[in-house]
There are 2 protein chains.
Amino acid sequence: MDTTQRTDQQRSADRRRRELLEAADRVVLRDGPQASMNAIAAEAGITKPILYRHFGDKGGLYAALAKRHTDALLDSLRAALDAPAERRERVESTLDTYLAAIEARPQVYRFLMHPAEGSTGADQGFDVGKHSAPLLRRMGEELAQVIEDRLDLGPGSQQLARVWGHGIVGMMHAAGDWWLGERPCSRAELVRSLADLLWGRLAAAGDKIGGPGF
Amino acid sequence: MDTTQRTDQQRSADRRRRELLEAADRVVLRDGPQASMNAIAAEAGITKPILYRHFGDKGGLYAALAKRHTDALLDSLRAALDAPAERRERVESTLDTYLAAIEARPQVYRFLMHPAEGSTGADQGFDVGKHSAPLLRRMGEELAQVIEDRLDLGPGSQQLARVWGHGIVGMMHAAGDWWLGERPCSRAELVRSLADLLWGRLAAAGDKIGGPGF
DNA sequence: ACACTCGTGTTACCGCTAGTAACACCAAAT
DNA sequence: ATTTGGTGTTACTAGCGGTAACACGAGTGT
């Protein structure tokens with residue numbers, strides 16, 4: 001007597017939830033990441049408390065919204081990484097999949113990675129996009145300059161140096177961030193591992209027996 | 001008649017500015033990055049409008065605060081990168097300098113990179129630390145698993161795989177972010193450059209004539 | 001037919017924030 | 001003595017996230 005009842009209700013609730021998420025998606029993509037709950041509710045044609053009943057708080061809505069996009073992205077990355085091909089080809093294909101995704105939907109990307117940027121109104125809370133990004137950019141540009149000045153990279157060296165500068169800085173940043181949170185090893189070990197990566201140990205590594213190798 | 005006058009005033013204003021920045025530093029390091037202007041003013045022993053007279057708005061204060069730390073960090077990085085030593089040694093030394101800095105003052109690091117995290121109160125504006133970081137972490141962990149499963153890395157392979165997973169994801173992320181903003185080349189070129197970096201072209205590159213080489 | 005619950009929706013509010021206008025004081029210059 | 005300019009305050013606005021309290025409408029047990 002309650003199973004059909006419950007499923008009915010749950011179905012309806014799920015449909016509502018999806019509708020709300022789609023409305024939120026539209027608003028976030030239009031107004032930028034600091035879209036207000038009021039605006040999202042208005043876009044969905046309802047009022048605030050309903051949003052809160054469905055998602056708890058703003059973080060819950062954000063998480064639900066982010067989960068859809070990240071899940072989709074991760075699925076396509078996994079597919080590229082698992083395709084039957086040689087190692088370097090798969091690495092390139094995976095990089096390309098990621099870059100194609102952020103190229104195709106830059107607003108989604110900015111929403112996921114650089115929350116506070118878009119709109120004109122009073123930004124509350126400190127920004128990341130406006131200040132941490134500049135630090136990474138500066139480091140990337142400076143490293144690019146050093147690479148270009150001192151390394152002989154043949155033709156196209158300037159562009160290559162810039163890509164490498166930003167790439168290496170990003171590697172350092174992400175690895176450092178992860179390491180700082182989990183402390184999985186000593187700093188010296190981390191440094192050695194990263195330098196090994198830059199020194200080509202990835203290319204030199206042999207395949208594990210039984211697998212096609214990364 | 002006005003030069004000494006002006007310099008006096010300017011000196012006084014600069015001193016005040018430094019005092020305010022130090023107070024802001026204390027509050028931000030204690031309360032996390034969403035420290036309120038009220039709290040900062042209270043810590044400095046004055047009231048809000050004075051802060052606004054000195055820094056314009058919250059972004060201005062944040063920028064001034066961030067500039068001090070980023071300048072100091074960049075200086076030490078430049079020093080490590082310019083030290084007289086062999087290339088790999090300098091790379092390791094620079095990585096170590098960065099990691100030592102974020103290790104020594106993790107609150108500063110979190111302030112610069114992950115603005116919204118700390119406190120208990122109502123977070124306004126969407127977070128980055130709570131959602132974008134999880135995406136990067138997930139990607140890093142998944143890649144680490146793939147690397148560990150399929151590559152033969154010898155002893156310590158698990159740790160090495162995790163470092164590489166997060167490092168490579170960070171490289172991809174930062175390079176993609178920069179590329180998306182500046183569009184300095186085609187996507188295919190970017191992919192090829194990054195793959196070349198991972199394939200050891202950094203280690204294989206010759207020094208430029210006349211320099212000690214990166 | 002009546003009350004009783006329960007999900008869905010609303011209005012009206014709280015406490016907080018960033019940011020500002022208007023006023024008060026005090027020192028130096030005229 | 002008076003006018004200027006900088007320093008400081010109180011008191012306010014507008015908007016945010018979040019919530020309590022109330023209102024309606026459908027199904028149910030008696």
Side-chain angles (χ1 to χ4, degrees), chain A residues 1-17 19-20 23-24 27-28 31-63 65 115-116 118-127 130, chain B residues 1-17 19-20 23-24 27-28 31-63 65 115-116 118-127 130:
Chain A
M1 110 284 191
D2 49 13
T3 47
T4 70
Q5 186 70 289
R6 224 196 292 167
T7 53
D8 266 14
Q9 285 176 192
Q10 198 148 343
R11 262 193 206 173
S12 151
D14 281 7
R15 260 189 45 198
R16 274 276 188 283
R17 190 186 164 90
E19 289 173 16
L20 298 185
V27 175
V28 161
D31 291 1
Q34 79 289 59
S36 78
M37 294 297 265
N38 257 324
I40 294 174
E43 170 74 25
I46 44 105
T47 50
K48 266 195 302 179
I50 303 182
L51 278 183
Y52 284 94
R53 287 223 256 268
H54 274 273
F55 300 103
D57 63 355
K58 190 166 188 170
L61 195 163
Y62 186 112
L65 213 52
S119 105
T120 65
D123 282 344
Q124 19 215 31
F126 281 123
D127 275 357
K130 282 188 184 162
Chain B
M1 108 280 194
D2 50 12
T3 48
T4 69
Q5 187 70 289
R6 226 196 292 169
T7 52
D8 264 17
Q9 285 175 192
Q10 197 147 344
R11 262 193 207 174
S12 152
D14 281 8
R15 260 189 44 198
R16 273 276 189 279
R17 190 186 165 90
E19 290 173 14
L20 298 187
V27 174
V28 161
D31 292 0
Q34 78 292 58
S36 79
M37 295 297 266
N38 257 323
I40 294 174
E43 170 74 25
I46 46 104
T47 50
K48 267 196 300 180
I50 304 182
L51 277 184
Y52 283 93
R53 286 225 259 266
H54 275 271
F55 301 103
D57 63 353
K58 189 165 188 171
L61 195 162
Y62 187 111
L65 213 51
S119 104
T120 65
D123 281 343
Q124 20 213 29
F126 280 123
D127 274 358
K130 283 188 185 165

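In what follows, chains are A, B, ... by sequence order, proteins preceding strands, each numbered from 1. Since we're looking at a predicted model, the values are computed, not measured.
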Subject >> Whole-Å gap separating C1' (C:dC16) and CG (B:Asp31) >> reply: 15 Å
Original post:
What's the CD-C1' distance between A:Glu19 and C:dT8, to the nearest Å?
Top reply: 14 Å
**OP:** Rounded off to whole Å, could you give me the CZ-to-P distance for the A:Phe55 and C:dT8 pair?
**Re:** 13 Å
Original post:
Taking five pairs at each end of the helix from C:dA1-D:dT30 to C:dT30-D:dA1, what angle separates the two helix axes (nearest 10°)?
Top reply: 30°
Original post:
When the distance from CG of A:Asp57 to C1' of D:dC16 is rounded to whole Å, what number comes out?
Top reply: 14 Å
Original post:
How close or far is atom P of C:dC13 from atom OH of A:Tyr52, stated in whole angstroms?
Top reply: 18 Å
All N/O donor-acceptor pairs, side-chain side in residues 35-50 of chain A, below 3.5 Å, sequence neighbours left out:
residue : atom : partner : partner atom : Å
A:Ser36 : OG   : A:Asn38 : N            : 3.4
A:Ser36 : OG   : A:Ala39 : N            : 3.0
A:Glu43 : OE1  : A:Arg30 : NH2          : 3.1
A:Glu43 : OE2  : A:Arg26 : NE           : 2.7
A:Glu43 : OE2  : A:Arg26 : NH2          : 3.2

Original post:
Listed by chain and number, what are the side-chain contact (heavy atoms from CB on, under 4.5 Å) partners of B:Arg17, not counting sequence neighbours?
Top reply: B:His54, B:Phe55, B:Ala64
Original post:
Between atom CD1 in A:Ile40 and atom C1' in D:dG15, what is the gap in whole Å?
Top reply: 15 Å
Original post:
Given atom CG of B:Leu61 and atom C1' of C:dG19, what is their separation to the nearest angstrom?
Top reply: 13 Å
**OP:** Starting from P on C:dG19, measure out to NZ on B:Lys58 and report it in whole angstrom.
**Re:** 8 Å
Quick test: give all pairs of protein nitrogen or oxygen and nucleotides 8-13 of chain D nitrogen or oxygen below 3.5 Å, distance rounded to 0.1 Å.
residue : atom : partner : partner atom : Å
D:dG8   : OP1  : B:Arg16 : NH2          : 2.9
D:dG8   : OP2  : B:Arg16 : NE           : 3.4
D:dG8   : N7   : B:Arg53 : NH2          : 2.4
D:dG8   : O6   : B:Arg53 : NH2          : 3.4
D:dT9   : OP2  : B:Thr47 : N            : 3.0
D:dT9   : OP2  : B:Thr47 : OG1          : 2.3

